[in-house]
Amino acid sequence: MGDVLAGIHATWEFDTNSVLIRYERGIRTPKLFQSLRERRIPYAALSSVTLTPGKRGTVVLRAVPRAGADPLVEAASGQLKEGCDPYRLVVPAEREVLAEYYADELRALLDPASDEPADRFLVAAPEAPMNFKAYDGRAGFDGERVSFRWSWTGASSTKWKAGDQTFKVSELAGIVWRSPEALDGYLRLLPRAAAPGDHRTGGSLGDLHGPEGCGSAGGGPADGVPAAAPVTRAADQDPAAVLFGLGYGPVHESLPFAAAVLESVRRTQPAPAVSAPALVTAGRRDPADIAERIHHLGELHRAGLVTDAEYTAKKAQLLAEL
């Protein structure tokens with residue numbers, strides 16, 4: 001599309017195969033957005049697009065990601081507050097017509113398989129290295145290994161006895177991120193039950209455990225990947241987990257960290273024997289649909305929301321699709 005839609009806290013720039021979301025750095029901008037800075041979302045990673053009334057004279061344009069397409073969304077597992085949803089753009093109500101236009105354009109570009117889960121991550125994860133301070137230690141990730149360094153003031157005696165931990169992502173099956181805004185937030189690594197050898201300092205793999213009853217943000221085991229063992233200890237007693245607390249492991253630090261680890265873990269697992277989804281290419285559209293879009297474009301032009309040059313270029317693009 002080559003167009004831009006500016007909203008509150010973010011701007012969406014539409015390209016041929018993706019939308020680039022740039023987040024503001026203002027004092028009122030959610031810290032998670034500031035941490036993410038910008039994200040490129042392929043249209044193939046979206047399942048649907050909605051436009052709904054917002055609060056205090058706004059409308060909300062939301063691109064709904066496909067299940068399994070974004071490691072950040074997978075790690076969050078539905079725990080993000082509405083205001084911290086990175087796929088949500090709040091637009092002043094006076095720009096509703098323009099927002100509706102872009103919503104229609106996005107819907108026309110969705111992948112034919114958009115209602116099906118993605119078989120791989122289509123959105124890039126935050127880049128390593130990164131680290132954050134948890135309640136009972138400090139977590140670090142260099143792209144290949146996750147390290148936990150315990151704090152003498154917060155770590156349990158069990159963790160102190162186990163010693164500082166280092167985990168290779170190639171020996172993990174997934175992660176569980178429980179938001180620090182919950183009463184018992186934590187980040188737990190899920191080792192492969194059958195992974196060989198001693199992969200950390202201070203103990204053997206047999207001492208570690210996998211997902212709790214709530215399930216793993218990393219999903220089920222991939223084909224040929226050993227499942228994580230059942231959990232038998234609480235997070236404060238598990239050397240494969242760090243605890244969150246007030247001011248420790250905040251969302252804008254721990255969630256991108258969890259997403260980066262999850263993406264690296266998935267990358268080390270055997271890929272399923274299916275072909276990758278093809279990029280969406282614009283085919284010929286129904287003439288009635290083209291006429292309706294040109295009429296809509298004319299309304300935006302008359303309202304002063306689209307310049308003469310933009311109107312001419314977009315109209316020519318639509319006519320070329322007949």
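- At a threshold of 4.5 Å between non-hydrogen side-chain atoms, the residues V49 and L61 count as touching.
- The closest donor-acceptor contact from the side chain of Q269 to the backbone of A173 lies under 3.5 Å.
- At least one side-chain heavy atom of D184 sits less than 4.5 Å from a side-chain heavy atom of R178.
- Between D238 and K159 there is no salt bridge, since no side-chain nitrogen of the basic residue lies less than 4.0 Å from a carboxylate oxygen of the acidic one.
- Side chains of L51 and V60 form no contact here, defined as non-hydrogen atoms less than 4.5 Å apart.
- In terms of modelled atom types and a separation under 3.5 Å, the side chain of T58 and the main chain of V91 share no donor-acceptor contact.
- With hydrogens and angles disregarded, a donor-acceptor distance shorter than 3.5 Å links the side chain of S35 to the backbone of H252.
- Checking side-chain atoms of R138 against main-chain N and O of R149 turns up no donor-acceptor pair under 3.5 Å.
- Of the charged side-chain nitrogens involved, none lies within less than 4.0 Å of a carboxylate oxygen, so that R66 and E116 do not count as a salt-bridged pair.
- Inter-residue side-chain proximity for F167 and F141 is flagged as unmet; no heavy-atom pair is nearer than 4.5 Å.
- Using modelled atom types, no side-chain atom of Y23 and backbone atom of R39 make a donor-acceptor pair closer than 3.5 Å.
- Around atom CZ of R37, no more than 12 heavy atoms belonging to other residues, nucleotides or ligands sit under 6.0 Å away.
- Within a 6.0 Å radius of OH in Y248, no more than 12 heavy atoms belonging to other residues, nucleotides or ligands are found.
- Judged by distance alone, with hydrogens and angles left aside, the side-chain atoms of S77 form no donor-acceptor pair with the main-chain N or O of E74 at under 3.5 Å.
- In this structure, E13 and L5 have side chains that are not in contact, with every pair of non-hydrogen atoms separated by 4.5 Å or more.
- Using modelled atom types, no side-chain atom of S18 and backbone atom of R40 make a donor-acceptor pair closer than 3.5 Å.
- Judged by distance alone, with hydrogens and angles left aside, the side-chain atoms of N131 form no donor-acceptor pair with the main-chain N or O of A139 at under 3.5 Å.
- Using a 30° and 60° split on the angle between ring planes, W150 and F148 fall in the tilted class, from 30° to 60°.
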Q.
Could you walk me through whether E144 and K168 satisfy the salt bridge (charged side-chain N to carboxylate O under 4.0 Å, His left out) test, starting with their C-alpha distance in whole Å, then the side-chain angles of each, then the deciding distance to 0.1 Å, before giving a yes or no?
A. CA-CA 6 Å; E144 296 182 356; K168 294 180 180 179; over 6 Å; no
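- Side-chain contact between V123 and P42 is present, with heavy atoms from C-beta onward closer than 4.5 Å.
- For the pair V242/S254, no side-chain contact is recorded, criterion being any heavy-atom separation below 4.5 Å from C-beta on.
- Taking 4.5 Å as the limit, every side-chain heavy atom of R266 sits out of range of all side-chain heavy atoms of P71.
- Between E38 and R22, at least one side-chain nitrogen of the basic residue sits less than 4.0 Å from a carboxylate oxygen of the acidic one, meeting the salt-bridge criterion.
- Within 6.0 Å of OH on Y135 lie no more than 12 heavy atoms contributed by other residues, nucleotides or ligands.
- Here the side chain of T158 pairs no donor or acceptor atom with the backbone of Q237 at under 3.5 angstrom.
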